[in-house]
Amino acid sequence: RAKETGGDNVQFYTAAMNDRLGERMLIEGALRSALERNELVLHYQPQTDITAGCIVGMEALIRWQHPELGMVAPYRFIPLAEETGLIVPIGAWVMRTACEQLVAWRQLGHDGLRMAVNVSARQMTEKDFVQSVAQVLADTGLPPHCLELELTESQVMNDVEHAIAVMHELKKLGVLLAIDDFGTGYSSLSHLKRFEIDVLKIDQTFVRDLTVDPDDAAIVTTILALAANLGLEVISEGVETAEQLEFLRQHGCRQMQGYYFSRPAPAGAIETILRDDAAHTAAV
Ligand code: C2E
Ligand code: MG
Ligand code: MG
Ligand code: MG
């Protein structure tokens, strides 16, 4: 339509905004009922320790199976869920479902695994967030050290003092804390020292061109050294090739997650992967 009117900017922007507003309203309305209609599902992506040669954890990643829109990726609805506050009930559902799933896998004998759950800023500022995590642990019987909460730098930096207080309460429960997408935010090293975190997750944007871009290589090796010096675990995200794996291995990274090992998959498919992994590990 913008082209028809000869590039009238005002009309162009209005049309674009209406489209976006339309999609937004459509998605927001549908998202409100998604939970009740059981349209949300979790996929899981293995985290592999290449030294031990086995899967040591899973990250729970949400998907929305909408009857007409199809499979909706998180980037299309998580920001909206955060704005509208729907992330609070959705996040609570994710936490409970992921913990229940890990308990089920533990009962099948996969008891060396932990479950990583993404937590958004909006959830963390809820007054009863820590209590809700404690409740899920109590209800499911999952040992706290098997649960890892992934926070981003920006969400922690948003209100540093509050975040430090919440992280302290979470550590008292015994859960593990990870900083997701590390390197993309703006947390200073002096803050990092005050965060009671256990794991740094190197953002996939640095891993992608690791073997061809010297700057990315430098950033990754620096994060690995930083983690080692601070006594933190470190995991590389977005590992897709044997070359990336080899570079990371040579620079002391043991834990990796990415398509090279496995794409995120539904619980049923992950169960098969876990069975093969256990058989393989037993055979070695
Ligand atoms: P994230 O937590 O950093 O998750 C990693 C993302 O990278 C996932 O995208 C995963 O599918 C993708 N990925 C994994 N390995 C590779 C790889 O080798 N190559 C490439 N190109 N990508 C890879 P996904 O599932 O689309 O999730 C995107 C983001 O949505 C997540 O980033 C996280 O910030 C958010 N998210 C997902 N699930 C939840 C949730 O339950 N709650 C909240 N608050 N956010 C979530
Ligand atoms: Mg994550
Ligand atoms: Mg990430
Ligand atoms: Mg991310």
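Reckoned from all heavy atoms, side chains included, excluding hydrogens, waters and symmetry mates. Quick note: residue numbers are just sequence positions, from 1. Just follow the structure's listing: the first ligand is 1, and inside any ligand the first atom is 1.
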Heavy-atom closest pair, residues D198 and L176: OD2-CA, 3.3 Å
Shortest reach to atom 7 (O) of ligand 1 by a heavy atom, considering only E82, E150, Q204: Q204
N/O/S from D181 sitting under 2.8 Å away from the Mg ion (ligand 3): yes
Student check: side-chain heavy atoms of H110 and D277 closer than 4.5 Å: no
E150 OE1 and D180 OD2 subtending at the Mg ion (ligand 2) (10° steps): 90°
Proximity to ligand 1 by part of E59, non-hydrogen separation under 4.0 Å: side chain
Option of least heavy-atom distance to atom 31 (C) of ligand 1 (set: T97, L61, V117): L61
Check: S33 side chain, A30 main-chain N or O, donor-acceptor pair, under 3.5 Å: yes
Option of least heavy-atom distance to atom 15 (N) of ligand 1 (set: Q257, Q45, R76): Q45
Salt bridge present between K201 and E237 (N-O < 4.0 angstrom): yes
Residue-ligand contact G238/ligand 1, heavy atom below 4.0 Å: yes
With the Mg ion (ligand 2) as the apex, the OD1/OE2 angle for N118 and E59 - to 10°: 90°
Location of contacts on P264 toward ligand 1, heavy atoms closer than 4.0 Å: side chain
Minimum non-hydrogen distance to atom 21 (N) of ligand 1, winning option of Q155, E240, R263: E240
Any N or O of D181 closer than 3.5 Å to N or O of ligand 1: yes
Proximity of D180 to ligand 1 by residue part, where a heavy atom lies under 4.0 Å: side chain
Subset of ligand 1 atoms that lie under 4.0 Å from at least one heavy atom of S120: 44 (N)
Under 3.5 Å donor-acceptor, E153 side chain and G183 backbone: yes
ILVMFWY cluster membership beyond I235 - transitive side-chain contacts under 4.5 angstrom: V199
Side chain, backbone, both or neither: the part of V94 lying under 4.0 Å from ligand 1 by heavy atom: side chain
Contact summary for I62 and L42, nearest pair of heavy atoms: CA-CD2, 3.8 Å
Ring geometry between F247 and H251 (parallel below 30°, tilted from 30 to 60°, perpendicular above 60°): parallel
Ligand 1 contact on R63 by region, counting heavy-atom pairs under 4.0 Å: side chain
Polar side-chain atom of E196 near backbone of L170 as donor-acceptor pair, under 3.5 Å: no
All pairs passing salt bridge (Lys or Arg N to Asp or Glu O under 4.0 Å) where residues 239-266 contributes a residue, at least two apart: D49-R254, E246-R249
Of the listed options Y259, Y75, W93, closest to atom 18 (O) of ligand 1 (non-hydrogen atoms): Y259
